[in-house]
Amino acid sequence: MDRVVDGDTLKVTLEDREETIRLLLVDTPETKHPSKPVQPYGPDASQFAKDQLEWDFPPPTSKP
């Protein structure tokens with residue numbers, strides 16, 4: 001995982017392409033929507049997602 005965008009959206013790199021992942025059955029207040037203001041508890045939801053989903057993993061190794 002590259003980064004948490006907000007409470008229900010992640011960015012990951014798969015095969016040298018950045019992909020957007022939306023978490024199934026998770027709906028959190030908006031923090032990054034282009035036409036909506038930051039909604040109440042949105043920053044809290046984003047921080048919770050970061051705390052739960054951002055781990056330190058060793059870099060991937062090449063396939064044998």
Side-chain angles (χ1 to χ4, degrees):
M1 181 184 67
D2 296 330
R3 64 188 170 96
V4 172
V5 175
D6 60 21
D8 55 11
T9 309
L10 317 170
K11 294 285 187 175
V12 298
T13 301
L14 296 171
E15 297 180 0
D16 298 324
R17 292 185 327 224
E18 184 177 66
E19 299 286 344
T20 300
I21 305 293
R22 296 291 312 267
L23 299 175
L24 184 65
L25 301 175
V26 175
D27 187 19
T28 62
E30 296 294 339
T31 59
K32 308 280 174 136
H33 196 281
S35 63
K36 294 182 181 179
V38 173
Q39 296 177 332
Y41 302 106
D44 295 324
S46 294
Q47 188 60 52
F48 181 81
K50 288 177 187 177
D51 292 345
Q52 298 302 308
L53 299 171
E54 288 185 342
W55 304 311
D56 289 327
F57 288 105
T61 58
S62 15
K63 295 181 180 179

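Positions are given from 1, in the same order as the sequence printed here.
- If you take CD on Gln47 and CG on Asp6, they are separated by 12.5 Å, rounding to the nearest 0.5 Å.
- With a 4.5 Å cut-off on side-chain heavy atoms, Arg22 and Asp8 count as touching.
- Rounded to the nearest 0.5 angstrom, Glu19 CD and Glu15 CD are separated by 9.0 Å.
- No continuous path of ILVMFWY side-chain contacts below 4.5 Å connects Val12 to Val5, so the two sit in separate hydrophobic clusters.
- Between Gly42 and Thr31, the shortest heavy-atom contact is C-CG2, 3.1 Å.
- The two residues Ser46 and Gly7 come nearest to each other via the heavy atoms OG-N, 3.5 Å.
- Tyr41 and Phe48 are assigned to two separate hydrophobic clusters, defined by single-linkage of ILVMFWY side chains at heavy-atom distances under 4.5 Å.
- Residues Asp2 and Thr13 have side chains that bring a donor and an acceptor to within less than 3.5 angstrom of each other.
- By the side-chain hydrogen bond (donor to acceptor under 3.5 Å, both in side chains) test, Lys11 pairs with Thr20, sequence neighbours left out.
- With rounding to the nearest 0.5 Å, the separation of CG in Asp51 from CG in Asp44 is 10.5 Å.
- Taken to the nearest 0.5 Å, the OG1 atom of Thr9 stands 7.0 Å off from the CG atom of Leu23.
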